[in-house]
Amino acid sequence: MRWTQSLIATLRDAPQDAEIDSHKLMIRSGLIRKLAGGLYTFMPLGLRVLHKIEAIVRQEMDAAGALEILMPALQPAELWERSGRYETMGPGMFRLKDRKDARMVMGPTHEEVATDLVTKELASYRQLPCTIYQIQTKFRDEIRPRFGLMRAKEFIMKDAYSFDISSEAADASYQKMYDAYRRIFKRCGLDARPVEADTGDIGGKFSHEFMVLADSGEDGILCCPACGYAANQEKAERRTVKLEPADSPAIEIVDTPNAGTIAQISAFLKAKPKQFIKTLIYLADAKPIAALVPGDRDLNEHKLKRLLNVRTLELAPDETVEQVTRAAIGFAGPVELDIPIYADASLEGAVDRIAGANQTDRHMLHIELARDAKVTQYADLVNVLARDACPHCGQPLEMKRGIEVGHVFKLGTKYTQAFQTTCLTETGEAATLVMGCYGIGITRTLQAVIEQSHDKDGIIWPASIAPYSVAILLLDPADAASSQAASQIENALAEAGIDAIVDDREERPGVKFKDADLIGFPIRIVVGAKSLAKGGAEIKVRTVKDSSLVPVEQVPAAVADLLAHV
RNA sequence: CGGAGCGUAGCGCAGCCUGGUAGCGCGUUUGGUUCGGGACCAAAAGGUCGAGGGUUCAAAUCCCUCCGCUCCGACCA
């Protein structure tokens, strides 16, 4: 391929709306162009990378026994009503009507369509296990698209769905996908580690996310250096230590004018934040409940939502809080509160604590939770932080940031029950199928590779997914001998199955070097009058400083050798 | 939706406070000199100053409304 024929436009400056390195580099190197917020066009170079990632995914999926299909992106709303997600997905789903006024959705994911398909197609245990997958564009009306391809309104996902006759068989299917995912990310040159995760709206009992460690990642990950435990902060369990029994003096109510936040009150009362009981009022399926956490801790809404098993959970609006507590915002407390109260496990047996008095500008001292409040249930409700004890081995945890590139779920029968997906067993009984679902954000993976693999000069592509494995810089395009040598190398590489691009632009060498580094081709071959005079072409690996001079006819062999090692 | 900020040439920016001919760098086109790590000279093209309304003799600049984009939070591959 000739550079002058391939619509490559590199930029010296990044657009001001690009924030993180990978996003800037994708724009600068001309991989993608923005159409609107969260919507991007893949330019020829970017598309080549995308195709290479997809090829790896297909190989590994096929090797794991999954069958590729292609489902419609446009789907009838009725399917989503059957699973109950038409409601729970909320405004995150693009909804529209056709000309007959039938309600449709643009598929954000395909559990419903896949389950419907299998319900109709499979009848016997002999056809199981069955795992289907597709690579397709998904649509999500993200609240806030960001960081280029990281969170887009339209993105490409590989989604797979497994169906099994039993829970044990489903576990085996899950394990197969889990293993395939490890291989896929490894082949893409990514260091992606599996961590325990929250299942969220997809549902199910168990899941792992594949996380790429990066400071720009949107998720917090707790890792135990001692035993290897790793979990998303949404999911990470807290190990709580039982409190020693102690007596608490009688409750005392004190004036705390205008001190509605923990920071203000702790300064005012000269007490540590951990002595406070933070009382948060939530609407769980529109009904008010209270959640109690220590003053120095943040509530984890995912944990609360899982505990309550509700469809919606949101912080109550100010009016509701004032109505429930009969006081201004900031003075809520657990004593004489007439709504269900859920308290963090670390508060079980808490004595001599401080909380709002449910009276404006007043707090209560010496609260003994068991004595003074009606706690409905104690449970793990707070975010785990760095230096907390590992739930498995008790050693201090570390906190890292990660980009979620894949997610595997054990769904159980959530969807197959709703769709009455059954097969006949060996004994002739109808059994509800056990399901798993598995996603890889293809476009996000592409960007995650860049985020994890770049330097000050540009992208450093792993050879497996580079837009071209080799860039041949033709420094003297007007010189017949140079031009001929470049073509000779290009053709020989093509015969060896190695893709290369020839920079045949009438540009000064410096420009070509800069662009080659920016785009990040794994191997660079320089051909010019000067190199030919010295006896051949110069071969250089992107990450290595020095180059080596190789006679033109020996270049393909040398390149093949290098590619095997980068 | 809550909080913060930004919209001026393809990209990066100045001009706005204090109203008066729309500018700079990069990129693009043409000609020339250069030519191994983003060259130089000369000429040129390229603008509804996000949109609408208002104030004014006069608005990129002041006022109002709307739209778009980005960042922090809730959503997620």
Side-chain angles (χ1 to χ4, degrees), chain A residues 9-20 23-24 27-28 30 33-34 36-39 57 88-93 108-110 135-160 181 192 197-202 207 209-212 218-219 232 234 298 301-302 305 312-315 317-318 403-409 437-448 457-458 473-479 506-518 524 526-531 533-534 538 540 545 547:
Chain A
T10 58
L11 263 34
R12 202 178 283 232
D13 304 303
Q16 52 119 35
D17 60 12
E19 216 46 47
I20 61 175
H23 186 194
K24 289 179 186 166
I27 304 280
R28 285 191 57 208
R33 288 281 116 103
K34 182 160 100 169
L39 299 171
V57 169
T88 55
M89 287 295 282
M93 190 155 65
T109 175
H110 279 66
I135 294 177
Q136 193 206 37
T137 300
K138 299 284 188 271
F139 300 87
R140 291 185 192 175
D141 196 355
E142 291 288 344
I143 299 166
R144 185 151 81 85
R146 84 179 118 174
F147 300 152
L149 303 180
M150 284 296 183
R151 178 176 301 283
K153 286 186 169 170
E154 184 183 316
F155 63 97
I156 297 172
M157 175 155 101
K158 186 288 303 178
D159 46 326
Y181 273 36
D198 185 56
T199 54
D201 278 336
I202 299 264
S207 83
E209 287 168 336
F210 285 80
M211 288 286 187
V212 172
E218 299 185 79
D219 292 277
N232 192 311
E234 296 171 357
D298 288 330
E301 292 187 3
H302 295 92
K305 194 171 177 188
T312 63
L313 180 74
E314 54 186 351
L315 259 179
D318 290 0
I403 300 165
E404 180 189 356
V405 288
H407 203 158
V408 292
F409 297 81
C437 75
Y438 318 91
I440 291 179
I442 302 281
T443 41
R444 183 183 282 179
T445 297
L446 189 160
Q447 189 170 344
D457 295 318
L473 307 196
L474 173 52
L475 295 194
D476 304 290
D479 174 52
E506 307 249 356
E507 286 285 356
R508 293 161 61 85
V511 174
K512 300 191 179 191
F513 292 139
K514 287 287 184 193
D515 276 346
D517 286 345
L518 176 62
R524 183 183 92 187
V526 174
V527 186
K530 207 176 267 187
S531 76
K534 279 192 282 184
E538 293 155 25
K540 180 187 169 302
K545 198 163 183 206
S547 61

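In the set B:G38, B:G37, B:A74, B:A74 carries the atom at the smallest distance from any side-chain atom of A:Arg144. Which of B:C71, B:G36, B:A77 sits closest to the side chain of A:Phe147 comes down to B:C71. Side-chain atoms of A:Glu19 lie closest to B:U70 of the nucleotides B:G36, B:U70, B:A77. With distances taken from any side-chain atom of A:Arg151 to the nucleotides B:C69, B:G37, B:A77, the minimum falls on B:A77. Comparing B:A77, B:A74, B:G38 by their nearest atom to the side chain of A:Thr443 picks out B:A77. Between B:A77, B:G38, B:C72, one nucleotide has an atom nearer to the side chain of A:Arg146 than all others, and that is B:C72.
Residue A:Asp515 is classed as a base contact, given a heavy-atom separation below 4.0 Å to a base. Counting non-hydrogen atoms under 4.0 angstrom, A:Arg33 reaches nothing in the nucleic acid. Residue-level contact check: A:Val511 touches the bases, meaning some heavy atom is under 4.0 Å from a base atom. Among the protein residues, A:Asp476 comes within range of no part of the nucleic acid, since none of its heavy atoms lies under 4.0 Å from any strand. As judged by a 4.0 angstrom heavy-atom cut-off over every strand, A:Gly92 is placed among residues making no nucleic acid contact. Looking at heavy-atom distances under 4.0 Å, A:His23 makes no contact with the nucleic acid at all. Counting any heavy atom pair closer than 4.0 Å across all strands shown, A:Ser531 reaches a base atom. Nucleic acid contact for A:Lys153: none, since no nucleic acid atom lies under 4.0 Å from a heavy atom of the residue. At the heavy-atom level, A:Asp219 lies under 4.0 Å from base atoms of the strands shown.
Closest-nucleotide positions on RNA chain B for A:Asp457 and A:Ala152 were compared, and the one nearer the 5' end corresponds to A:Asp457. Residue A:Gly510 is the one, among A:Ile143 and A:Gly510, whose nearest nucleotide of RNA chain B lies closer to the 5' end (criterion: closest heavy atom).
Using a 4.5 Å cut-off on side-chain heavy atoms (C-beta onward), A:Leu518 and A:Asp457 make no contact. In this structure, the side chains of A:Lys514 and A:Thr10 stay at 4.5 Å or more apart for every pair of heavy atoms. With a 4.5 Å cut-off on side-chain heavy atoms, A:Arg444 and A:Arg151 count as touching. Between A:Met150 and A:His23, every side-chain heavy-atom pair lies at or beyond the 4.5 Å cut-off. No side-chain heavy atom of A:Ile156 sits under 4.5 Å from any side-chain heavy atom of A:Lys138. Side-chain atoms of A:Val57 and A:Ile442, non-hydrogen and from C-beta on, do get closer than 4.5 Å to each other. Under the 4.5 Å side-chain criterion, counting only non-hydrogen atoms from C-beta, A:Phe147 is in contact with A:Glu19.
Across all strands shown, the partner of B:C62 is B:G54, judged by Watson-Crick or G-U wobble contacts whose two distances both fall under 3.5 Å. If you check B:A45 for Watson-Crick or wobble pairing at under 3.5 angstrom, you find it has no partner at all. The partner of B:C26 is B:G10, judged by Watson-Crick or G-U wobble contacts that both fall below 3.5 Å. In this structure, B:C17 forms no base pair with any nucleotide, since neither Watson-Crick nor G-U wobble geometry is met with both distances under 3.5 Å. When Watson-Crick and G-U wobble pairs are counted only if both distances are under 3.5 Å, B:C71 pairs with B:G3. Base pairing annotation: B:U33 forms a Watson-Crick or G-U wobble pair with B:A39, both donor-acceptor distances under 3.5 Å. Pair check for B:A77 finds none; no Watson-Crick or G-U wobble contact set falls under 3.5 Å.
Comparing B:G23 with B:A43, their P atoms sit 16 Å apart, to the nearest whole Å. B:G68 and B:A51 have their P atoms separated by 15 Å, with the value rounded to a whole Å. Comparing the C1' positions of B:U18 and B:A59 gives a spacing of 14 Å, expressed to the nearest Å. B:U21 sits 40 Å from B:G2 when the P atoms are compared, rounded to a whole Å. For the C1' atoms, the distance from B:C35 to B:G15 is 38 Å, rounded to whole Å. Distance noted for atom P between B:G19 and B:C62: 9 Å (whole Å). As rounded to the nearest Å, B:A58 and B:A44 have P atoms that lie 34 Å from one another. Separation of the P atoms belonging to B:C16 and B:A60 is 14 Å when rounded to the nearest angstrom.
A stacked arrangement is not assigned to A:Phe513 and the six-membered base ring of B:G36, the conditions of a centre distance below 5.5 Å and an interplanar angle below 30° not being jointly met.
A:Glu301 has its CD atom 15 Å from the C1' atom of B:C76, to the nearest Å. Residue A:His407 contributes atom NE2, which lies 10 Å from atom C1' of B:A77 at whole-angstrom precision. Atom CD of A:Glu234 and atom P of B:A74 are 9 Å apart (whole Å). Atoms NZ (A:Lys534) and P (B:G36) sit 12 Å apart, rounded to a whole Å. Rounded to whole angstrom, the span from the CE atom of A:Met150 across to the P atom of B:C71 amounts to 12 Å. As a whole-Å value, the separation of A:Asp198 CG from B:A77 P is 10 Å. Following rounding to the nearest Å, A:Glu218 (CD) and B:C72 (C1') show an atom-to-atom distance of 12 Å. In this structure, the CD atom of A:Glu209 is 10 Å from the C1' atom of B:A77, given to the nearest Å.
Applying the 3.5 Å distance criterion, the base of B:C76 shares no donor-acceptor pair with the side chain of A:Arg140.
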Item checked: side-chain contact (heavy atoms from CB on, under 4.5 Å) between A:Phe210 and A:Val408, intermediate numbers included -> CA-CA 8 Å; A:Phe210 285 80; A:Val408 292; 4.1 Å; yes
Checklist line | CA sep, side-chain torsions, deciding dist, call: A:Phe513, A:Leu475, side-chain contact (heavy atoms from CB on, under 4.5 Å) | finding: CA-CA 10 Å; A:Phe513 292 139; A:Leu475 295 194; 4.2 Å; yes
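One finds no salt bridge joining A:Glu154 and A:Arg140 here, because no Lys/Arg side-chain nitrogen approaches an Asp/Glu carboxylate oxygen to under 4.0 Å. Ion pairing between A:Asp17 and A:Lys34 holds under the 4.0 Å rule for side-chain N and carboxylate O. A:Glu142 and A:Arg146 are not joined by a salt bridge, as no carboxylate oxygen comes within less than 4.0 angstrom of a charged side-chain nitrogen.
Between A:Ala152 and A:Gly38, the shortest heavy-atom distance links the atoms CB-O, 3.3 Å. Minimum heavy-atom separation, A:Pro477 to A:Glu506: CG-CA, 4.4 Å.
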Report each atom pair, protein N/O against N/O of nucleotides 28-34 of chain B, whose distance is under 3.5 angstrom.
| residue | atom | partner | partner atom | Å |
| --- | --- | --- | --- | --- |
| B:U34 | O2 | A:Arg508 | NH1 | 2.8 |

Are there any protein N/O atoms within less than 3.5 Å of an N/O atom in nucleotides 10-14 of chain B, and if so, which ones and at what distance?
| residue | atom | partner | partner atom | Å |
| --- | --- | --- | --- | --- |
| B:C11 | O2' | A:Asp13 | O | 3.3 |
| B:G12 | OP1 | A:Gln16 | N | 2.4 |

